[in-house]
Colleague: 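Encoded as structure tokens, here's the structure I'll be asking about.
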Amino acid sequence: MRHALDASNESLCAALAALTADDVKILAACQRAAAVWDGDVTRARGPRAALVLSDIGADRDTLIACVLSDPRLLGRTDPAALQVEFGIGVAEQVAQMQRLMQLGEQYRREQSADWVENLRRLLLSSISDVRVMLIQLVHRLERLRGLASEPDEAKRRQLAAETLDVYAPIAHRLGLGQIKWELEDLAFRHLEPAIYKRIASLIDERRAERETYLTQVRLDLAQALQAAGINAHVVGRPKHIYSIWGKMQRKKLSFDALFDVRALRVAVDSVADCYAALSVVHNRFSPIESEYDDYIARPKENGYQSLHTAVLAHQDKAVEVQIRTGAMHAQAELGVAAHWRYKEGVGSAVDSFATELNRLRQALAAGAPAEPVAAMVYVFTPEGDIFALPQGATVLDYAYRVHTLVGHRCKGAKINGQIVPLKTVLSQADRVEILTQTNPTPSREWASAQSGFLTSASSRAKVRNWFHRLDQSAVRESGAAQCDRLFRRLGLNRSDQARLLAALHVKSMDALFDAVGSSRIDAPTLLKAARAIAHPDAIAQAKAPVFLDETSSIGLSLDGMKAQPAGCCHPRPGDAVRAFITRGQGLRLHKADCSNLKHLAEQYPERVLAVDWTSGQTTWAQTLRLDVLVDDAARFWSDLGPVLVPFKARILESRSRLERNSGLTDVALHIELPGSTDIVPLMKRLQSLLSVESVQRRAG
């Protein structure tokens, strides 16, 4: 069909119509393409690309979809009208091709660092019908065939580089040899024009001599095969400039030292004949042992099968010989498309990208749209980045995949600009925007697999962890309040409290608060242990609490006591201060004229103390307890030091615990820093670390 590419409108349309009995729809599709090219269908890429598909036996729907995927028809075709006129199969293929063209243009404009990898994923994520991949490849082939007419050199080089990086590897993985070679040669011609011309001239300058030599070897080999009773067809093998250059680079060889510049291909009837023919070749000529490969016993991952050998033939010149059956040759040239004609198995993939292509290859063998295997769906952020999620993932799964806090703060979402429920299942190539609120407010219902909000076990674990931490905080606050009342009533100081921890076999005050709040240590047990430690006179005094007014002073020193400035009035050393006894957090220092302190004194007069600064004391420190959830503990510890230094903070104590459900590490930090330091910037700096999922302040 290649001769028809430069033919008239009538002959091109006739060539396309002759490919199928349903010529009316083929012609109707061509007329649509011709309409946007001022009636000249030969200039339309869609019909020309369809001719390439016809050579590999594409079905009627694929040919029509290829014609209707002409770039100038983008945005000018009504999907509903296409479905009525050509059927749902054609309409869906055209819609996928249009989506690919739109997103592909966006990636070329942005040119991010990983745009090539994103474009690879884009091709797979946007295609649910394997035939669309073939349409995309032949459209790219036609684009390169006419690339010489593109006036913008930068654009020519961009399209050529994109072809070598993305499209040629896909054609190779799909086994489309004849398309792969032409894509590579055309792209190489625009990327390295000088090298291309030099190799082409080397091929041409001795063409007559080489062809005469190969004719002698071919006839000699054909006679030897016939004498051995092997039905074989021996022909010369075409030369591909890009592959020649690649072999010269890899093996550091000159052009004359290449074996496959002189090459023959032997076609036989069966696998047994392949090995019999190999024996004849090696008996007739001297084999080069290092150049033998058996791709029949060990096929390439794209299904390619053949025997490769090199021999020293007449005049001791090296000749490469490839031996294969007709079915193997079809596989080598047409790849997955050969499955329309031959039903043979192919090799397996070795990475996630190859796995996806293998899925397409298997689907094509049945001539049907592909159903995703290995269950990956690719979606796009509003900025065009790609995320891979398991098939069946919801909008909320995507939010948690972006970041844990994005999931916790999620209040809604948009898919392709439309507001959707959080349970909405994502489809290939959806563009997803998450709507968030300021404060994290996840729902307990999200953690249930039956609710349908989250399909990811790790995301559900993050929700459960949120509420576990929330519940744990409430339990600890309750325990701290109970212990605080008891300590004040019995007059237990710090050393007494330390002895109480030892008596109850508890490691820390936080652990005691947790145990009391959760009732693991009940009130009678706690009271009995505390009374055994407290002094009798302190117990007696506790029965008659002392009420202090604003002018009273007990000359209380702050040395060794847990005292922190109140955030409302920010007292400094030397100020007239009063202390308020908090529940579980020690003393809070307020200025004597603080309005908040007056309200507290009206409600809890017994918990207000008049205190004096220690003589000579000019500075004081505050402590901060934080819970930090990290996904990379090693990176977190390496990044923590530079964050603490500007705040003059130091770590007093740290503990870490791996959460099995989520795989995250919970790090508990006890930090000391100057009393005048604002802790909010410090927490923000910690939250900005790449390894940190969340930062929360703990009581105590």
Side-chain angles (χ1 to χ4, degrees), residues 56-57 171-181 213-240 243-244 247 258-314 317-350 358 361-362 364-365:
I56 58 177
H172 171 69
R173 293 293 183 95
L174 292 174
L176 297 167
Q178 67 182 36
I179 293 178
K180 169 185 178 288
W181 295 125
Y213 175 83
L214 278 179
T215 298
Q216 296 174 354
V217 177
R218 179 176 61 82
L219 293 175
D220 189 347
L221 181 56
Q223 291 174 0
L225 291 168
Q226 184 178 11
I230 300 173
N231 181 29
H233 182 55
V234 185
V235 296
R237 187 172 68 82
K239 313 301 181 297
H240 302 289
S243 67
I244 290 175
K247 187 166 289 188
L258 293 177
F259 296 137
D260 60 352
V261 173
R262 294 178 292 273
L264 296 174
R265 180 172 294 133
V266 179
V268 295
D269 296 333
S270 67
V271 173
D273 286 345
C274 288
Y275 290 98
L278 177 67
S279 178
V280 172
V281 171
H282 284 179
N283 287 332
R284 183 66 187 85
F285 306 114
S286 299
I288 302 173
E289 295 183 1
S290 61
E291 296 299 318
Y292 171 67
D293 291 294
D294 185 349
Y295 295 119
I296 294 179
R298 295 180 299 277
K300 292 185 178 181
E301 65 180 24
N302 61 4
Y304 176 86
Q305 290 183 292
S306 184
L307 293 178
H308 288 196
T309 188
V311 297
L312 294 177
H314 303 160
K317 292 182 179 180
V319 177
E320 184 190 60
V321 181
Q322 296 179 356
I323 306 170
R324 62 183 66 154
T325 66
M328 292 176 189
H329 181 66
Q331 173 69 36
E333 294 297 303
L334 307 179
V336 295
H339 288 271
W340 271 306
R341 303 173 184 177
Y342 298 92
K343 302 296 183 182
E344 294 185 351
V346 295
S348 61
V350 294
N358 193 43
R361 184 161 55 243
Q362 293 169 351
L364 188 55

Colleague: Carefully, step by step, assess Val266 and Val321 under the rule side chain to side chain contact (heavy atoms under 4.5 Å, CB included).
Modeller: CA-CA 7 Å; Val266 179; Val321 181; 3.9 Å; yes

Colleague: If the condition is side chain to side chain contact (heavy atoms under 4.5 Å, CB included), which residues does Ser279 pass it with, not counting sequence neighbours?
Modeller: Asn283

Colleague: Mind checking side chain to side chain donor-acceptor pair (under 3.5 Å) for Arg284 and listing every partner two or more places apart, or none if nothing turns up?
Modeller: Asp220

Colleague: What pair of heavy atoms forms the shortest contact from His314 to Val217, and how long is it?
Modeller: ND1-CG2, 4.0 Å

Colleague: Could you give the distance from CD (Gln223) to CZ (Arg218), rounded to the nearest 0.5 Å?
Modeller: 10.5 Å

Colleague: Does some side-chain heavy atom of Ile230 sit less than 4.5 Å from a side-chain heavy atom of Val268?
Modeller: yes

Colleague: Who are the ring-ring contact (aromatic ring centres under 6.0 Å, His included) partners of Tyr213, not counting sequence neighbours?
Modeller: none

Colleague: Would you indicate whether the side-chain heavy atoms of Met328 and Ser306 approach each other to under 4.5 Å?
Modeller: no

Colleague: Looking only at non-hydrogen atoms, find the nearest pair between Ile179 and Ala171 and report the distance.
Modeller: CG2-CB, 4.5 Å

Colleague: Quick one: side chain to side chain donor-acceptor pair (under 3.5 Å) partners of Tyr275, sequence neighbours excluded?
Modeller: Asp294

Colleague: Determine the minimum heavy-atom distance between Val280 and Ala228, stating which atoms define it.
Modeller: CG2-CB, 3.8 Å

Colleague: Determine the minimum heavy-atom distance between His308 and Arg324, stating which atoms define it.
Modeller: NE2-NH2, 4.5 Å

Colleague: So, for Ala313 and Val319, which heavy atoms are closest and what is the spacing to 0.1 Å?
Modeller: CB-CG2, 4.0 Å

Colleague: Measuring only between side-chain heavy atoms, which start at C-beta, is Thr309 closer than 4.5 Å to Leu307?
Modeller: no

Colleague: Just checking Gln226: does its CD atom have more than 12 heavy atoms from other residues, nucleotides or ligands closer to it than 6.0 angstrom?
Modeller: no

Colleague: Among residues two or more places apart or on two chains, list those pairs meeting salt bridge (Lys or Arg N to Asp or Glu O under 4.0 Å) that have a residue in residues 226-236.
Modeller: none

Colleague: Write down the atom of Ala318, the atom of Ile288, and the distance for their closest heavy-atom approach.
Modeller: CB-CD1, 4.2 Å

Colleague: Among residues at least two apart in sequence or on other chains, which ones pass side chain to side chain donor-acceptor pair (under 3.5 Å) with Ser286?
Modeller: none

